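What follows is a single structure, written as structure tokens, with notes after it.
Since this is a predicted model, take the numbers as computed values, not measurements. Numbering of ligands and ligand atoms starts at 1, following listing order.
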Amino acid sequence: MRALIVVESAFGNTASIAEAIASALTEKGAEANVAPADRAPSDPRGYGLVLVGAPTHNRGLPTPSTRRTARKKGAAVPDAGVLEWIAGLDPEALATSRVLAFDTVIKRHSVMAGSAAKSAVRKLGRRGVPAECGESFLIASGAQALKPGEMERAAEWAATLI
Ligand SMILES: Cc1cc2nc3c(=O)[nH]c(=O)nc-3n(C[C@H](O)[C@H](O)[C@H](O)COP(=O)(O)O)c2cc1C
């Protein structure tokens with residue numbers, strides 16, 4: 001099976017989760033490709049599994065404004081990310097793919113913290129791409145680092161997708 005992982009990351013944590021997912025999928029025999037969202041194909045045909053990951057910003061997907069805030073905090077964030085990738089996507093290309101979104105958050109399943117994955121699922125749905133809400137991975141508040149065990153949890157989750 002071929003898998004594509006489209007990822008946006010400001011401080012590197014969501015990108016690390018994407019790499020952990022890719023390694024786990026590869027171990028299970030899949031061909032897994034990680035693509036930064038600003039360089040991901042808009043016509044991603046031929047992938048049985050497509051995972052879309054982003055950090056939660058202001059309870060949803062990063063926007064140009066939240067990316068500017070992240071830059072002020074020292075992150076190196078490209079101008080475009082998952083929001084723009086979804087907007088430019090050819091929905092036909094994903095007609096036969098299983099599509100799931102994942103994110104990084106400070107608090108899982110919390111109304112206050114929100115979820116970039118939920119937001120991605122809604123936006124994909126509006127583009128005619130049915131997607132499932134996958135896992136949220138935890139960031140230690142104030143530290144801009146993943147909580148211990150989250151890389152392992154990402155690998156375990158990925159292994160269930162094959
Ligand atoms: C501008 C900005 C807004 C944020 N808003 C939220 C939020 O609403 N909920 C939340 O759980 N985390 C929020 N965070 C923390 C991010 O979720 C955290 O920085 C991110 O998951 C780290 O992933 P990354 O290293 O891939 O950027 C915010 C961070 C930034 C920079």
Could you tell me the residue and atom name of the protein heavy atom closest to [atom], and the distance to it rounded to 0.1 Å?
atom                    : value
atom 11 (O) of ligand 1 : Ile106 N, 2.8 Å
atom 2 (C) of ligand 1  : His57 CD2, 3.7 Å
atom 7 (C) of ligand 1  : Ala113 O, 3.4 Å

Exercise. Return the option from Asn13, Thr56, Asn58 holding the heavy atom at the smallest distance from atom 17 (O) of ligand 1.
Key: Thr56
Exercise. Would you indicate which of Thr63, Ile17, Thr104, Thr66 comes nearest to atom 23 (O) of ligand 1 when only heavy atoms are counted?
Key: Thr104
Salt bridge or not for [X] and [Y], using N-O below 4.0 Å?
X      : Y      : result
Arg71  : Asp79  : yes
Arg153 : Glu156 : no
Arg45  : Glu92  : no
Glu84  : Arg67  : yes

Practice problem: Among Asn33, Leu94, Val6, find the one that has a side-chain contact (heavy atoms from CB on, under 4.5 Å) with Pro44. | Solution: Leu94
Quiz item: Between the side chains of Ser115 and Asp103, is a donor N or O closer than 3.5 angstrom to an acceptor N or O?
Solution: yes
Self-check item: ligand 1 to Ile139 polar contact by distance, N or O atoms, under 3.5 Å
Solution: no
Taking only heavy atoms of [X] into account, list the atoms of ligand 1 that are under 4.0 Å away from them.
X      : value
Val105 : 11 (O)
Phe11  : 24 (P), 25 (O), 27 (O)
Gln144 : 18 (C), 19 (O), 22 (C)
Arg59  : 7 (C), 8 (O)
Ala10  : 24 (P), 26 (O), 27 (O)
Thr69  : 1 (C)

Exercise. Nearest 0.5 Å please: distance from the CG atom of Leu146 over to the CD atom of Glu152.
Key: 10.0 Å
Quiz item: Which atoms form the tightest heavy-atom contact between Ala10 and Ala70, and what is the distance?
Solution: CB-CB, 4.1 Å
